[in-house]
There are 2 protein chains.
Amino acid sequence: MTTPKSVAGRLFTLLSVFSEQRPSANLSELSRSAGLALSTTHRLVNELVEWGALDRDDDGRYHVGLRLFELAALSPGSLGLRERALPFLEDLYEVTHQNVQLAVRDGLEAVYVERISAHNAVNVVTRIGSRLPVHASGVGLAMLAFAAPEVQELAVRSPMRRFTPKTITTPAALREVLARVRRDGYAISDGQIELITLSVAAPIRGEDDSVVAAVSIVVPQDVDVAGLVPAVRTAARGISRALGAPSAVRSPERGASD
Amino acid sequence: MTTPKSVAGRLFTLLSVFSEQRPSANLSELSRSAGLALSTTHRLVNELVEWGALDRDDDGRYHVGLRLFELAALSPGSLGLRERALPFLEDLYEVTHQNVQLAVRDGLEAVYVERISAHNAVNVVTRIGSRLPVHASGVGLAMLAFAAPEVQELAVRSPMRRFTPKTITTPAALREVLARVRRDGYAISDGQIELITLSVAAPIRGEDDSVVAAVSIVVPQDVDVAGLVPAVRTAARGISRALGAPSAVRSPERGASD
DNA sequence: GATGGCCTTCCGATGAGTGGAAAGTCCACT
DNA sequence: AGTGGACTTTCCACTCATCGGAAGGCCATC
């Protein structure tokens with residue numbers, strides 16, 4: 001790791017020390033992980049704490065503070081979307097009793113902004129705030145298939161990390177899957193991240209009808225998904241309508257007249 | 001507004017320009033609002049964008065980026081808590097069909113981390129990420145009543161902002177309310193923020209049995225809350241149990257033997 | 001008492017950061 | 001088409017915010 005020269009870069013490096021595996025850290029850990037001198041770390045961390053980006057526990061450890069949560073709530077792709085989508089996610093959960101997820105696209109990654117998990121459902125590797133590459137996740141494929149052509153091309157041309165033997169890793173395979181997603185209107189990702197799970201995802205459209213997010217369910221790999229696809233697509237359509245998507249307002253009859 | 005000298009302070013000032021009223025801004029707005037020179041703003045904003053704290057739209061406006069959302073998800077008082085609390089919040093919503101809210105305490109403020117709102121329920125002023133003073137909100141009172149004595153004293157001694165004629169503004173009134181909350185195990189905030197609404201809130205305990213959050217419902221002021229208190233307290237107890245609170249695991253019989 | 005880990009404070013040297021100025025872009029108006 | 005204003009981007013001499021080594025303090029362990 002090369003230590004940034006700029007203060008901004010150093011602040012970001014310190015914030016990036018925190019992760020799911022390390023939700024809290026003491027000053028020396030931060031100093032070592034960020035590659036910054038102890039006193040430098042001390043000063044910068046104190047500024048982060050004063051502002052609320054970090055909080056310090058009674059035991060002297062630091063964790064992410066609520067100030068970032070407040071700011072994050074303003075991000076267009078996160079909590080605002082989640083709030084409007086929540087009723088439909090809950091419906092989908094009630095109908096399927098499987099893990100339900102909502103994600104947005106950030107470059108070539110899907111970022112999970114909501115998850116409703118079932119106690120007895122298959123374990124899901126994602127959690128809120130985590131990311132997976134678009135090529136390997138149901139929601140990622142559902143969003144990528146309708147993204148701008150240059151984004152799709154970039155995805156096709158970029159190296160695709162392999163998680164399991166089933167993960168898509170070739171341009172040809174990805175193109176084919178994207179074409180199928182566009183034709184079908186939903187994506188199936190079978191065993192791409194974990195061999196034991198399968199996800200069904202559908203794109204969610206915003207007020208200009210562009211795809212802005214995706215909703216998915218994650219089920220054990222041996223479940224027949226045919227009966228789940230309509231539910232996922234219904235939820236996606238409902239969320240799209242809540243977001244003001246023109247195409248989600250048209251009734252079937254009007255759609256047929258196009 | 002006095003412009004901070006430090007880079008960190010300047011970055012925070014720029015981030016603080018964003019609010020619910022201003023979810024996006026262009027470079028000149030940021031420069032004016034932060035009191036920083038245009039070129040300084042330009043440089044700092046570019047660093048924020050590179051890191052993902054801000055994103056830039058096609059129209060050149062900046063909004064909060066997903067990177068903060070990812071970090072925020074690691075905050076102990078936010079999305080992790082929300083996720084465990086969600087089933088109980090949903091139960092409470094199904095039972096009452098009123099606005100349900102989950103909040104944590106940050107100093108003398110309640111920060112709202114979840115909200116399930118009803119279409120036909122009374123309008124609620126809070127949204128996810130927003131804050132209200134503890135003395136004036138149901139959840140705030142529920143958490144303050146069980147906070148460390150020095151926190152309670154600080155609240156009692158601090159100026160209490162008045163929102164309506166019903167808002168608690170005197171130390172004596174606050175002490176009395178806090179004592180009642182401790183005795184009753186729940187808080188009622190009647191018309192303290194808005195005259196037309198009333199909230200019932202109950203404290204949520206974490207794994208060391210300290211109060212770490214609170215859940216509330218918000219109803220029109222003319223609703224009889226007596227029937228709602230048990231539902232709110234049940235939800236709080238359920239969430240406490242999900243968080244591993246020892247006191248929420250005891251059955252009534254064992255409780256009676258203490 | 002000695003040691004080690006962690007944290008906090010201090011301060012002279014310096015290079016990261018500043019912001020005014022210039023240039024470029026876009027758009028509405030005349 | 002020309003103009004003016006708003007907005008954005010780039011440049012660079014100067015300076016002061018930042019740095020990190022050093023010192024000191026605290027606490028737990030041996």
Side-chain angles (χ1 to χ4, degrees), chain A residues 1-19 21-65 67 74 76 148 150 208, chain B residues 1-19 21-65 67 74 76 107 150 208:
Chain A
M1 171 176 347
T2 134
T3 311
K5 292 272 178 68
S6 71
V7 172
R10 293 179 164 199
L11 290 167
F12 303 147
T13 298
L14 284 169
L15 287 175
S16 300
V17 171
F18 296 91
S19 67
Q21 291 75 41
R22 179 148 52 178
S24 73
N26 67 17
L27 191 66
S28 302
E29 280 179 79
L30 286 167
S31 167
R32 283 191 299 266
S33 299
L36 294 169
L38 200 49
S39 49
T40 298
T41 306
H42 187 247
R43 270 191 296 100
L44 295 180
V45 163
N46 275 350
E47 292 209 71
L48 287 166
V49 167
E50 275 172 34
W51 186 63
L54 295 181
D55 274 337
R56 195 168 192 196
D57 300 330
D58 293 339
D59 58 359
R61 296 183 71 82
Y62 297 95
H63 61 259
V64 175
R67 193 62 183 270
L74 299 172
E150 57 268 21
D208 62 352
Chain B
M1 173 178 341
T2 134
T3 312
K5 292 270 178 71
S6 72
V7 172
R10 291 177 166 201
L11 289 166
F12 303 146
T13 298
L14 284 170
L15 288 175
S16 300
V17 171
F18 296 92
S19 67
Q21 290 75 41
R22 179 149 51 179
S24 72
N26 67 16
L27 191 67
S28 301
E29 280 178 77
L30 287 166
S31 167
R32 284 190 299 266
S33 298
L36 294 169
L38 206 44
S39 49
T40 299
T41 305
H42 188 247
R43 272 191 294 99
L44 295 179
V45 163
N46 275 350
E47 293 210 69
L48 288 166
V49 168
E50 277 172 29
W51 186 62
L54 295 182
D55 273 338
R56 195 168 191 196
D57 300 331
D58 294 338
D59 58 357
R61 296 183 71 83
Y62 297 94
H63 60 259
V64 176
R67 193 61 183 271
L74 299 172
E150 56 269 23
D208 62 351

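Quick caveat: nothing in here was measured; it's all calculated off a predicted structure. Chain A is the first sequence line, chain B the second, and so forth, proteins listed ahead of strands; every chain is numbered from 1. Scope of the values below: all heavy atoms of this structure, side chains included, with no hydrogens, waters or symmetry mates.
Using five terminal pairs a side, the axes of the helix from C/dG1-D/dC30 to C/dT30-D/dA1 at its two ends make an angle of 40°, given in steps of 10 degrees.
Mapping B/Leu36 and A/Asp59 onto DNA chain C via the closest heavy atom, the residue that lands nearer the 5' end is A/Asp59.
C/dC26 atom C1' lies 15 Å from atom CG of B/Leu27, rounded to whole Å. With rounding to whole Å, A/Asp58 atom CG is found 17 Å from C/dC6 atom C1'.
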Would you tabulate the side-chain donor-acceptor contacts of residues 52-61 of chain A under 3.5 Å, counting partners in other chains and residues two or more places apart, or write 'none'?
| residue | atom | partner | partner atom | Å |
| --- | --- | --- | --- | --- |
| A/Arg56 | NE | A/Gly60 | O | 3.1 |
| A/Arg56 | NE | A/Tyr62 | OH | 3.3 |
| A/Asp57 | OD1 | A/His63 | ND1 | 2.7 |
| A/Asp57 | OD2 | A/His63 | ND1 | 3.4 |
| A/Asp59 | OD1 | A/Arg61 | N | 3.2 |
| A/Arg61 | NE | A/Ser24 | OG | 3.1 |
| A/Arg61 | NH1 | A/Glu29 | OE2 | 3.2 |
| A/Arg61 | NH2 | A/Ser24 | O | 3.0 |
| A/Arg61 | NH2 | A/Glu29 | OE2 | 3.2 |

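Reading DNA chain D from its 5' end, the first and the last nucleotide to sit under 4.0 Å from a heavy atom of chain A are D/dT18 to D/dG21.
Shown here are the side-chain hydrogen bond (donor to acceptor under 3.5 Å, both in side chains) partners of B/Ser16, two or more places apart in sequence or in another chain: A/Trp51, A/Arg67. Legend: residues meeting side-chain hydrogen bond (donor to acceptor under 3.5 Å, both in side chains) with A/Ser39, ordered by chain and number and at least two apart, are absent.
For the pair B/His42 and B/Asn46, the minimum side-chain heavy-atom distance is below 4.5 Å. Looking at heavy atoms from C-beta onward, A/Val64 lies out of side-chain contact with A/Pro23 at the 4.5 angstrom threshold. A heavy-atom distance below 4.5 Å is found between the side chains of B/Leu14 and B/Leu36.
The shortest non-hydrogen separation linking B/Val7 to A/Ala8 is CG1-N, 4.2 Å. Between B/Ala25 and B/Leu30, the shortest heavy-atom distance links the atoms CB-CG, 4.0 Å.
Counting only distance, with no hydrogens or angles, the side chain of A/Ser31 and the backbone of A/Leu27 share no donor-acceptor pair below 3.5 Å. A donor-acceptor pair under 3.5 Å is absent between the side-chain atoms of B/Thr13 and the main chain of B/Ala34, judged by distance alone.
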Output one letter per nucleotide in nucleotides 9-17 of chain C: B when a protein non-hydrogen atom lies under 4.0 Å from the base, S when only the sugar-phosphate is that close, - when neither is. BB-----SS
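In this model, the phosphate group of C/dT8 is approached by a side-chain N or O of A/Arg56 to a distance below 4.0 Å at OP1 or OP2.
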